[in-house]
Amino acid sequence: MKLPSVYEPGKYENEVYSLWEEGGVFTADPDSSKEHFSISMPPPNETGTLHMGSALFVVLQDILSRHARQQGKDVLWLPGTDHAALATDNLVEKRLAEQGTSKHQIGREAFLKEVQQFVGGNRDRIVSQLKSMGASCDWSRMRYTLDPMLNRCVNEVFVKMYNDGLIYRGERIINWDPNLETTVSDDEVVHKEEKAPFYTLQYGPFQIGTARPETKFGDKYVVMHPDDKRYAQYKHGDSFEAEWINGPVTATIIKDEAIDPDFGTGVMTITPWHDHTDFEIAERHGLEREQIIDFDGKLLPVAGEFAGMKIDAARPKIVEKLKSKNLVVKSEDYTHNLALNDRGGGVIDPQIMLQWFVDVNRPAVNWKGQLRSLREVMRAVIEDGDIKLVPKRFERTYYRWIDNLRDWNISRQIWWGHRIPIWYKGEEVYAGTQPPKGQGWEQDADTLDTWFSSALWTWSTLINPSLAGDFNLSLDELLARSPDYKAYHPTSVMETGWDILFFWVARMILATTYATGQIPFKTVYLHGLVRAEGGKKMSKSDPDTIIDPMGVGQKYGTDALRLALVSGVSAGSDQRLGIGRVVDNRNFCNKLWNIARYTEGVAGEAQPKAAPKTPADHWILNKLSILTDGISADLDNFHFHQAYQKLYHFVWDDLADWYVESSKKEPRPSVLSAVLRSTLICAHPFMPFITEVIWRELGWDQQGLLAAQTKPEPIEFNRDESGKFEETRAAILAERAPDRIKKLLAEKQAVHRSIETLEKRLANQEYINKAPEELVQSTRQELNAQKDQLRSIETELESLKG
RNA sequence: GGGAUCGUAGCUCAGUUGGCUAGAGCGCUUCGUUUACACCGAAGAUGUCGGGGGUUCGAGUCCCUCCGAUCCCACCA
């Protein structure tokens, strides 16, 4: 025996991957006459580590890519990494804090140097981890979100939008994270329930409710619903005097329909600077607004004696003062939703700031010959079926999201990322892909939301990078001069998690249709989250939930991990992954390994040749052809799980348990080899390492790689012969089961069925009422007889077993 | 408040447009070490398909309703 009885993945995996790379089998060829197939990898954080979620996307995209190659297509799976602006910026800031300094102290340039240094030391890990998962990407086309060409594209799109009036700068209320000192987009705000005291305060003649007394210093408007009869005596615009926290104020009455008369007293005061709803009310009525809390989360001089205090510290003191002035009517416990930053967890404090926005409502996009708004185009590409979402139900949530879409705040007050290509000199503003000529220009300090650059990912990565510095070329010309773009865009499939449908998928649609006039991809396949066994999210803060794909891959083999992930996947649904599933699939790998060992034993290094003779030969070839077609069809429809099941049962049940067993009596080594050869090809997209190892160990194609093989040649078989084996198979099965028990079981089922029918009949009122008395009686007797029969069968079965 | 998904064997889940007696893996019971594999083989037990109603010749599958779980969006001061 050449092969050991147990497959040891660790001995082969690295070597096999290098062979693939050296063989150039993952390299795309845009000039090929073959049909092109392309996937853009969702770029993982360049300094991150591979977690189960990334392992899942690697497996699914790798299966699609390898399968497409087998179908004879020219495949580009383009890998890349993301600069993860906010996360990285934040991390480096923390490191600086540990050294007792901060980014503002050391300045922009020094800070960016720090980031580069940090990033540089961590960049290679994620790439080698992707490779160890078996990812068959074209590494020669690896991209990075801060590559010069990608930066160029960001600037080109920004300037184009700016010139089209789609980007504007304005004072808006935004979500401010005082900890990270940056804005957070609406989609990145998460809400957490929190119990907090809810105060009812006396404000002039009114009682108002609030959970945030610390924002109330500047309040000088009381708002109520125009139809609220309780307050009919007060007119819009009336003013009155009220004694307030730091003395008397003059307040004005505002009537607005945003107020819910049933909540609290139906009256509230507003703080336009620090609340979204209040801001909108103030906008509608042209009211004054005043900042109460600064960007560090401290109270401003308007707070009087409380100025300079952090809000958490100030709140109880303010309440105390209100109490002492007899302004607190009551306080009660109340659960409200606290807004938090999804990336970093700081409490969001809305602020009014000058920010850059993308206007989603201005009709400035030429789409299919019509001038439409970004929002309309985003809707149209799905409605018209240009882009298909899998599973389809996400279309509904997508439409809902589009309908509620507000202008996209794209400026971030961090330093790591694509800087906004806007320069100022006094009153002058310059927008350009290159800095303006002349002295005294100063670039906007903000960077762009990381999703702005990610939104261009499917095509900015396909432009010839060597053209990045050629500013004579327009964006259209850049695209036109890029063979990759022509061959691979729109991409065939976007495979990603449903959790970033809005962040990323929707933004790619927005930016790509606008900038290139093409859709970014034809199909979006959305997979679910990989959860821990109990259903909990795998998260760093809860180490018990985490299964490290790298550790598991090393221990049980990457193929076992890949199979475990595929076996649990279904479109749009989360899966629970326990180590048990990995073990099962490790066993499955070993099964395949031992089929190969057996084949090697009986066939030696004889070439596989398909000359079926026995019924079993025809039978297994029949099964094999069903498998080959089935897997193709399933993968075309993204039914990964089904394809996996077919493979599993073919290999274990049909091939190992029946064909190999039966061939022990009548060995047909050449057919066995041929079947195994085809099986390896079918299995390869799912379990690339072990299949490649067997392929080479069996020495059929010493120079060729399995990864380079196209789909197996169909082998002729005879259906009647195959049917004959079905019969022998049935006979063997019948022989295995002891006679008496078999008979009893059949009888038991028959009795069971008749009991059911009788019970059904007796349960039918029509039957009871209309049928003759005797008939109903006899039915009852029959039923009882059958039940007795069943009981006796069961007792006999028990005794036979005992 | 709006929406989505799920509820099938002890556990994790399949079940495509409604179609024979509802499946898989693990686990469990019994037997077996037959020279590919104990990371094995054979046999076996286990289900009111969440409850109720409807459409149909026929419903796990379609419709209504209720119960339970999860998630997303919006958010009331």
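Residue numbering restarts at 1 for every chain, and letters A, B, ... go by the order of the sequence lines.
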Could you tell me which nucleotide pairs with B:rU48 by Watson-Crick or G-U wobble geometry, both distances under 3.5 Å, or answer none if nothing does?
none
Rounding to an integer number of angstrom, what distance separates B:rG3 and B:rC11 when you compare their C1' atoms?
31 Å
Summary of protein contacts for nucleotides 72-77 of chain B, nucleotide by nucleotide, where a base hit scores B, a sugar-phosphate-only hit scores S (4.0 Å, heavy atoms):
---BBB
Categorize A:Ser567 for me: base, sugar-phosphate, or nothing, with a 4.0 angstrom heavy-atom threshold over every strand shown.
nothing
Below 4.0 Å: OP1/OP2 of B:rC39 and any side-chain N or O of A:Arg586
no
Heavy-atom donor-acceptor pair, A:Lys646 side-chain to B:rA24 base, under 3.5 Å:
no
Between A:Arg597 and A:Glu697, is there a side-chain N and carboxylate O pair less than 4.0 Å apart?
no
Looking at every strand, decide which applies to A:Asn637 at a 4.0 Å heavy-atom threshold: base, sugar-phosphate, or nothing.
nothing
Please measure how far the P atom in B:rA42 lies from the corresponding atom in B:rA4, and state the result in whole Å.
46 Å
Check whether the side chain of A:Arg597 and the base of B:rC37 form a donor-acceptor pair under 3.5 Å.
no
Residue whose nearest RNA chain B nucleotide is more 5′ - A:Tyr648 or A:Gly568:
A:Gly568
Any donor and acceptor pair, going by atom type alone, linking the side chain of A:Trp244 with main-chain N or O of A:Asp219 inside 3.5 Å?
no
Using the P atom as the reference point in each nucleotide, state the distance between B:rG44 and B:rG51 in Å, no decimals.
29 Å
Separation of atom CH2 in A:Trp652 from atom P in B:rA24, rounded to whole Å:
15 Å
Which part of the nucleic acid, if any, lies within reach of A:Arg576 when heavy atoms closer than 4.0 Å are counted: base, sugar-phosphate only, or nothing?
sugar-phosphate
Between A:Glu13 and A:Thr558, does any side-chain donor sit less than 3.5 Å from a side-chain acceptor?
yes
Quick one: label A:Val223 by what it contacts on the DNA or RNA (base, sugar-phosphate, nothing), any heavy atom closer than 4.0 Å.
nothing
Once the angle between the rings of A:Trp498 and A:Phe394 is folded into 0 to 90°, is it parallel (under 30°), tilted (30 to 60°) or perpendicular (over 60°)?
parallel
Looking at A:Asn594, I'd like to know whether one of its side-chain N or O atoms comes within less than 4.0 Å of OP1 or OP2 on B:rC39.
no
Between B:rG23 and B:rG68, how far apart are the two P atoms, rounded to whole Å?
32 Å
Does the structure show a Watson-Crick or G-U wobble partner for B:rC40, both distances under 3.5 Å? Name it, or say none.
B:rG32
Given that A:Arg393 and A:His649 both sit by RNA chain B, which one's nearest nucleotide is further toward the 5' end?
A:Arg393
Looking just at side-chain N and O atoms, do A:Tyr644 and A:Asn585 make a donor-acceptor pair shorter than 3.5 Å?
yes
Side chain to side chain donor-acceptor pair (under 3.5 Å) for A:Tyr648 and A:Asp653? Distances and angles first, verdict last.
CA-CA 8 Å; A:Tyr648 186 96; A:Asp653 301 349; over 6 Å; no
Partner nucleotide of B:rU5 by Watson-Crick or wobble geometry (both distances under 3.5 Å):
B:rA69
Taking donor-acceptor contacts at under 3.5 Å, does the side chain of A:Glu661 reach the base of B:rA36?
yes
Between A:Asp559 and A:Ile690 (side chain of the first, backbone of the second, donor and acceptor by atom type, cut-off under 3.5 Å), is there such a pair?
yes
